[in-house]
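In what follows, every heavy atom counts, from backbone to side chain, and hydrogens, waters and symmetry copies are set aside.
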Amino acid sequence: MRSFAFAVVYWLFSIVYSLAALILSLLPGRKPVLWIIQRYTRRMVWAMDAVAGIKLDIRGRENVPAEPVIFAAKHQSWGDGFSIYSQFSDLAFVTGDHLEKYPMMGTLLRKLGAIVVNNCGGHEARKNLSQRSAEAARDGRHILIYPEGHLNAPGTYRRYRSGVWHMYKNFQRPVVPVATNLGLFWQEMQYKKTPGTAVLQFLEPIPVGLDKNTFMATLQSRIEDHTQALIAEATGLSIQPSVLIDETPERAAKRDKTSNTLAQTVE
């Protein structure tokens, strides 16, 4: 019943706030649309708690510097975006161009100053990422990016992409890794929700000046190690290394077995 009730509230809020944002997008500037989207994300976090029974425990806010930073976050759930966006007054986020296929989304994303990149990658995607990120950097906004570029079930990860490295190098900003176990309670895009306390943890910033290999290794180890620790904390199991998804049948089977076991443990 909680899952059904949350689905009703989710779509009700999404439709109402999207229509309001579309109307406000007719006004000049970003602030009107930003105002309504801020309230939308905060209301969704409220609904996660009040309706779905998923409480959000925010840790490590002291690790977020006063100056603009790049957040590189683990992505296990549609709820990740609501959870992070609701914590800040203005945040530029990197998203795939798949969202633009939905009616009106292109207009809203432009108004929000979102950094929309081609999901297929390549030179044009990197160029677009650089250009739009530069605009956000000039505005002095935090930037949110999911370095794996994909939703992943708890206990799994994909190859970390280098887009975050290029932003780190070009803008000379510290990168704040973000770990979470929200996928245990709201996994990827699944309908089912499991009550409990999910953690969103801002980790120690990675200072500027590292070479690419050192930076990427540091980023991945911090996010994956802390995410696995949060999963162990919620499930009561021992800390296990996360499983790389390479889409071979063997890996896919191992990934599904891992995520199903974790989900059953939380329940």
Side-chain angles (χ1 to χ4, degrees), residues 2-4 6-7 10 44-45 47-49 52-59 71-85 93-96 98-99 119-121 144-161 163-164 177-203 216 219-267:
R2 281 183 179 272
S3 298
F4 175 75
F6 181 78
Y10 176 92
M44 288 300 300
V45 171
M48 286 166 57
D49 182 357
I54 303 173
K55 299 182 182 297
L56 192 62
D57 179 10
I58 305 296
R59 301 179 185 175
F71 294 109
K74 190 67 181 174
H75 199 15
Q76 296 178 340
S77 168
W78 267 7
D80 293 330
F82 298 121
S83 300
I84 297 178
Y85 201 97
F93 57 94
V94 180
T95 182
H98 62 285
L99 289 179
N119 283 327
C120 295
L144 168 64
I145 185 171
Y146 295 106
E148 295 165 277
H150 201 285
L151 281 163
N152 294 299
T156 69
Y157 76 100
R158 294 175 192 258
R159 180 183 60 84
Y160 278 52
R161 300 181 181 182
V164 62
V178 185
T180 188
N181 61 7
L182 180 56
L184 292 173
F185 309 94
W186 178 358
Q187 183 174 321
E188 299 176 270
M189 298 176 286
Q190 290 185 11
Y191 168 81
K192 183 180 179 181
K193 309 297 181 293
T194 302
T197 299
V199 179
L200 183 72
Q201 184 173 8
F202 297 97
L203 306 174
M216 294 299 295
L219 177 67
Q220 179 175 322
S221 65
R222 285 192 188 177
I223 293 177
E224 295 303 319
D225 291 350
H226 282 83
T227 291
Q228 293 304 103
L230 293 177
I231 289 174
E233 177 184 326
T235 60
L237 301 174
S238 61
I239 299 176
Q240 299 294 325
S242 52
V243 177
L244 173 64
I245 299 175
D246 62 10
E247 300 309 324
T248 64
E250 294 78 10
R251 289 289 187 180
K254 188 174 183 180
R255 174 201 63 195
D256 293 341
K257 181 179 179 180
T258 299
S259 59
N260 289 337
T261 299
L262 291 173
Q264 291 168 4
T265 303
V266 171
E267 293 174 18

*asked:* How close do Arg222 and Pro177 get, counting heavy atoms only, and between which atoms?
replied: CD-CG, 4.2 Å
_From NZ (Lys55) to CG (Asp49), nearest 0.5 Å_ = 4.0 Å
*Starting at CG of Leu244, measure out to OG1 of Thr156 and round the result to the nearest 0.5 Å.*
9.0 Å
*For the residue pair Met48 and Phe185, establish whether any side-chain heavy-atom pair is separated by less than 4.5 Å.*
no
*Can you name the closest pair of heavy atoms from Ala7 and Tyr191 and give their distance?*
CB-CE1, 3.8 Å
*Can you find a heavy atom in the side chain of Ser238 that is under 4.5 Å from one in the side chain of Gln240?*
yes
*asked:* Could you check whether any side-chain heavy atom of Ile231 comes within less than 4.5 Å of a side-chain heavy atom of Leu184, counting everything from C-beta outward?
replied: yes
_Phe6: which residues meet the ring pair (Phe, Tyr, Trp, His ring centres under 6.0 Å) condition with it, sequence neighbours left out?_
Trp186
*Taking only residues two or more places apart in sequence, or in another chain, which ones meet Ala179 in a side chain to side chain contact (heavy atoms under 4.5 Å, CB included)?*
Leu203, His226, Thr227, Leu230
*Could you check Leu151 against Trp78 for side chain to side chain contact (heavy atoms under 4.5 Å, CB included), going step by step and ending with a plain yes or no?*
CA-CA 8 Å; Leu151 281 163; Trp78 267 7; 3.8 Å; yes
_Minimal non-hydrogen separation, Ile223 against Ala72, with atom names_ = CD1-O, 3.4 Å
*Mind checking side-chain hydrogen bond (donor to acceptor under 3.5 Å, both in side chains) for Asp80 and listing every partner two or more places apart, or none if nothing turns up?*
His75
*Would you give the length of the straight line joining atom OG of Ser221 to atom OH of Tyr160, rounded to the nearest 0.5 angstrom?*
9.0 Å
*Short question: side chain of Gln76, backbone of Pro154 - any donor-acceptor pair under 3.5 Å?*
no
*For the atom pair CG (Leu200) and CD1 (Ile84), what is the distance rounded to the nearest 0.5 Å?*
5.0 Å
*Counting only heavy atoms not in Phe4, do more than 12 sit closer than 6.0 Å to its CZ atom?*
no
*Does any non-hydrogen side-chain atom of Ile54 lie less than 4.5 Å from one of Pro195?*
no
*asked:* Show the nearest heavy-atom pair for residues Ser242 and Tyr157, with the distance to one decimal.
replied: OG-CD2, 3.2 Å
_Point-to-point distance, once rounded to the nearest 0.5 Å, from CG of Asp57 to CG of Leu182_ = 12.0 Å
*side chain to side chain contact (heavy atoms under 4.5 Å, CB included) between Thr180 and Val199: does it pass, once the steps are laid out?*
CA-CA 5 Å; Thr180 188; Val199 179; 5.9 Å; no
*So which pairs with a foot in residues 223-242 pass salt bridge (charged side-chain N to carboxylate O under 4.0 Å, His left out), sequence neighbours left out?*
Arg59-Glu233, Lys74-Glu224
*asked:* Is there a side chain to side chain contact (heavy atoms under 4.5 Å, CB included) between Ile245 and Asn152? Walk through the geometry before answering.
replied: CA-CA 9 Å; Ile245 299 175; Asn152 294 299; 3.6 Å; yes
*Interatomic spacing from CZ in Arg2 to NZ in Lys193 - rounded to 0.5 Å*: 12.5 Å
*How would you list, by chain and number, every residue that makes a ring pair (Phe, Tyr, Trp, His ring centres under 6.0 Å) with Tyr10, sequence neighbours excluded?*
none
_Derivation and outcome, side chain to side chain contact (heavy atoms under 4.5 Å, CB included), residues Phe71 and Phe202_ = CA-CA 9 Å; Phe71 294 109; Phe202 297 97; 3.8 Å; yes
